[in-house]
Amino acid sequence: MEQSRPLWDNPLQFVFACISYAVGLGNVWRFPYLCQMYGGGGFLVPYFIMLIVEGMPLLYLELAVGQRMRQGSIGAWRTISPYLSGVGIASVVVSFFLSMYYNVINAWAFWYLFHSFQDPLPWANCPMNRNYTGYMEECEKASSTQYFWYRETLNISPSIEEHGSIQWEQAVCLILAWLVVYLCILRGTESTGKVVYVTASLPYLVLLIYLIRGLTLHGAVNGLVYMFTPKLEQLANPKAWINAATQIFFSLGLGFGSLIAFASYNEPNNNCERHAMIVSLINSATSIFASIVTFSIYGFKATFNYEDCVSKVILLLTNTFDLEEGFLTADNLEAMKNYLTSTYPNEYTELLPQIKNCSLEAELDTAVQGTGLAFIVYSEAIKNMEVSQLYSVLYFFMLLLLGIGSMLGNTTAILTPLTDSKFISTHLPKEAISGIVCFVNCIVGLIFTMEAGNYWFDIFNDYAATLSLLLIVLVETISVCYVYGLRRFEKDLHVMTGHKPSWYWKIMWAFASPVLIVSLFVFYLTDYILTGTLKYQAWDATQGQLVTKDYPSYALAVIGLLVAASTMCIPLAALIIFIMKRLRRESISTVA
Amino acid sequence: PRTGQNAGAAPFIFFLTLQYTWDASEEYLFRAMVAFAMRRYSSKETTQISNVLLCNVTDRVSFWFVVADSSKNVTTIPRKNVEAAIRMNRNRINSAFLLNDDTLQFLKISSTLSPPIEPSLPIWLIVFGSVLCLILGGIVFLIVSGIRQRQKKNQASAEAENLEDKHETIVTTENGIPCDTLDFKAGHINGVYAAADDERFTPL
């Protein structure tokens with residue numbers, strides 16, 4: 001008699017696990033950027049339409065498959081049809097790639113968290129150079145927060161070809177991050193179920209604190225007004241719609257197999273329809289909530305920099321013309337500039353190259369996403385707040401919670417098929433399997449702690465999961481609707497949830513979502529083909545800014561391998577099963 | 001900022017954020033501070049406030065100053081001596097005016113940057129070490145308790161098997177009398193049948 005499958009203690013654990021997995025760093029650092037680029041408040045229109053057309057149906061589909069088949073991704077798809085086991089394997093491969101590089105972000109968050117216990121914050125001031133005659137040159141050209149990120153955290157090399165050595169500080173932070181993940185997944189759902197209570201709810205507490213702090217900051221309103229003024233002409237831009245669809249798709253974490261794995265630990269009669277809607281709505285609401293916080297912080301930082309720039313100009317003018325203090329103010333600056341130009345034309349033209357044109361718009365326009373937003377822009381804003389250590393600790397702790405919550409989902413996606421397989425689970429206890437997975441991931445992840453590691457991180461971030469996931473989810477949707485049969489699926493849902501799915505879900509699954517995914521896929525492919533050679537941003541220490549470079553050929557080969565490794569699983573597995581069946585049929589017929 | 005300068009004069013400019021109005025008394029304080037600095041530097045007690053002369057005072061609150069040598073009339077103390085004296089006592093001069101190196105600038109006297117305070121062990125390592133110990137402790141605890149739970153389960157299933165074996169060695173009973181004893185020859189033989197064996201039965 002088989003051991004019964006471990007279950008969540010209550011449906012709340014399952015919902016929290018899904019929320020903790022879906023609400024991740026992308027909600028904090030990608031959505032605000034998209035909002036800013038594609039029309040501010042107007043971006044919410046394509047976002048919500050995509051949520052309803054694509055997000056909710058696909059999420060419901062994955063949860064229902066997992067709950068019905070009660071197995072991890074490989075087993076679930078094999079049950080639907082043996083030729084589809086490649087879909088499950090592709091999910092596991094993509095999850096493996098993701099967990100390899102994603103935990104490095106947690107390592108960085110740990111690094112910043114540990115450095116937040118100093119006064120002043122280490123990224124607040126430039127460090128001095130060797131002879132103590134001045135500040136470090138790189139730091140003067142860039143800013144102190146950029147210097148801390150690129151030099152003291154990453155110790156980044158000028159290009160991807162120069163590997164450099166493994167940074168021991170980053171390596172130990174990475175090992176710590178993997179130990180934390182191991183601690184959480186050690187006992188399977190028993191431990192994961194308790195951890196997700198924390199990782200799902202605490203980030204909201206921190207976001208709330210930041211919301212209150214952010215809204216009361218001087219200049220926050222500038223950022224909020226800038227963000228929320230809808231630029232409705234962006235709605236005509238197809239990129240806005242494509243990015244909305246992509247954001248919904250990747251933000252929910254579809255196709256990795258994590259949602260299937262989570263749902264497989266449910267009671268068979270769990271109402272996954274309601275849970276799917278709740279999770280997707282909470283995910284989107286969190287994105288909007290996080291972008292309000294981000295934009296108030298942007299507004300504060302932009303206003304701070306603008307006022308700093310203005311006071312520098314005032315100082316310069318006051319010193320040059322020996323004016324009385326208080327003669328020039330921010331309000332009369334423009335008028336006084338004209339007066340000075342007319343009164344002292346020669347001296348003023350001499351001074352002209354040094355006078356910067358300070359513009360609040362220009363400061364707000366610097367749209368940043370990704371690690372740049374999280375670790376550079378935010379830390380710059382934090383260092384100017386009062387009690388900056390407290391806010392810094394809170395912020396990086398929140399990043400950690402979000403990152404670890406997502407890691408739990410990724411590792412569960414890898415572990416569930418492994419523990420389901422009888423061969424492996426009879427030979428090794430579950431603690432050993434999790435330990436081996438964490439260990440292998442950790443060792444491979446040490447690549448990202450090298451000096452060129454951040455460039456490899458960007459490669460994985462941009463290419464490891466994007467195309468493959470689109471393909472995986474497309475095959476998933478088509479196989480559920482047409483291979484498994486929509487009617488059979490309907491009946492299963494009727495048994496599980498107690499009512500048949502409405503016509504809306506059926507239309508979405510059968511037509512709308514596949515069409516949408518295919519168009520996204522086509523868009524990505526044409527984008528890659530049109531851009532020609534792929535380029536990346538490298539940090540130039542001598543100039544103190546990012547420069548664009550071409551990828552070398554071996555990097556391009558790695559990119560191709562990443563995409564191929566997961567996508568090829570689907571046809572390859574189908575082919576292998578086909579050949580095996582043929583051979584078995586032949587051997588049976590020869591025997592008979 | 002003025003560019004040309006005299007041999008002994010040191011230009012001196014106030015920045016913004018003066019919290020008080022600049023008047024003759026403030027000038028007096030400044031001259032007193034410079035005299036104090038010269039006295040400290042040369043450790044002669046000869047410099048008087050009247051030796052410090054200010055000139056070209058502007059609304060911006062910037063001016064030039066020179067320190068005259070009281071022993072020799074009409075000469076000024078060389079510039080580098082004055083610079084060295086001020087540099088030595090910069091802190092005191094700054095705090096007398098409630099300003100700092102950014103807001104009170106002596107031209108051509110660059111402010112020395114204070115060296116960073118390096119603690120013996122970086123703070124981040126301390127925090128890292130404590131978190132690492134906590135996590136390792138948690139992992140060890142969970143693994144050990146998992147192993148113990150599995151041992152208990154194995155023991156429990158082993159006990160269940162032992163119980164099944166014991167059932168086979170339990171004596172089977174028939175009507176409350178152990179069958180073993182029924183085999184013994186110590187059972188009673190019914191004497192009636194034994195006696196009636198030879199004669200009663202009619203031979204066929």
Side-chain angles (χ1 to χ4, degrees), chain A residues 3 110-120 122 125-129 131-135 152 169 172-173 175-188 190-191 311-312 314-329 393 400 429-432 434-435 438, chain B residues 1-3 11-22 56-64 102-103 105 107 110-119 122-147 149-151 153-154 157:
Chain A
Q3 240 187 356
F110 266 122
W111 169 263
Y112 269 82
L113 179 67
F114 296 149
H115 278 85
S116 307
F117 289 97
Q118 293 174 11
D119 181 29
N125 299 312
C126 277
M128 287 196 275
N129 59 21
N131 343 358
Y132 295 134
T133 51
Y135 296 118
E152 303 214 7
E169 297 100 342
V172 293
C173 285
I175 294 175
L176 178 66
W178 273 112
L179 284 175
V180 171
V181 171
Y182 182 53
L183 178 68
C184 299
I185 58 173
L186 190 46
R187 291 275 197 85
E190 194 189 315
S191 51
S311 37
K312 283 208 178 88
I314 289 181
L315 193 62
L316 187 61
L317 289 175
T318 318
N319 284 347
T320 318
F321 298 107
D322 268 339
L323 303 163
E324 200 187 313
E325 219 184 287
F327 192 63
L328 287 173
T329 62
V393 167
L400 260 181
K430 138 175 80 158
E431 285 91 345
S434 347
C438 289
Chain B
R2 307 287 163 77
T3 44
F12 162 64
I13 293 192
F14 264 135
F15 267 34
L16 297 172
T17 71
L18 259 188
Q19 287 163 344
Y20 40 82
T21 42
W22 185 255
N56 283 355
V57 182
T58 64
D59 276 340
R60 177 67 186 81
V61 198
S62 69
F63 44 81
W64 296 72
D102 285 329
T103 37
Q105 197 192 46
L107 284 191
S110 56
S111 53
T112 51
L113 304 161
S114 54
I117 315 162
E118 301 262 348
I123 298 180
W124 79 271
L125 270 181
I126 301 175
V127 188
F128 168 76
S130 21
V131 173
L132 185 66
C133 290
L134 275 174
I135 302 289
L136 282 176
I139 291 178
V140 166
F141 170 71
L142 279 182
I143 292 183
V144 164
S145 62
I147 294 178
Q149 253 184 16
R150 221 170 290 137
Q151 275 179 355
K153 236 193 283 171
N154 285 346
S157 56

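Side chains are part of it too, since the values below use all heavy atoms of this structure and drop only hydrogens, waters and symmetry mates. Chain A is the first sequence line, chain B the second, and so forth, proteins listed ahead of strands; every chain is numbered from 1.
- Take A:E169 and apply the salt bridge (charged side-chain N to carboxylate O under 4.0 Å, His left out) test, not counting sequence neighbours, and it matches no residue.
- When the candidates A:I175, A:V180, A:L183, A:L113 are compared by the number of heavy-atom contacts under 4.5 Å with chain B, A:L183 comes out ahead.
- Contact count versus chain B (heavy atoms, under 4.5 Å) is highest, among A:E431, A:Q118, A:H115, for A:H115.
- For B:L136, the part sitting under 4.5 Å from any heavy atom of chain A is the side chain, from C-beta outward, and nothing else.
- Closest approach of A:Y135 to A:C126, counting heavy atoms only: CD2-O, 3.4 Å.
- The parts of A:L179 that come within reach of chain B are both its backbone and its side chain, each placing non-hydrogen atoms under 4.5 angstrom from that chain.
- Around the CZ atom of A:F117, the shell of radius 6.0 Å holds more than 12 heavy atoms that belong to other residues, nucleotides or ligands.
- For the ring-ring contact (aromatic ring centres under 6.0 Å, His included) test, residues two or more places apart in sequence or in another chain that qualify with A:Y112 are A:W123, A:F148, A:F375, A:F396.
- Neither the backbone nor the side chain of B:S130 comes within less than 4.5 Å of any heavy atom in chain A.
- Across A:F110 and A:A177, no two heavy atoms sit closer than the pair CE1-CA, 3.9 Å.
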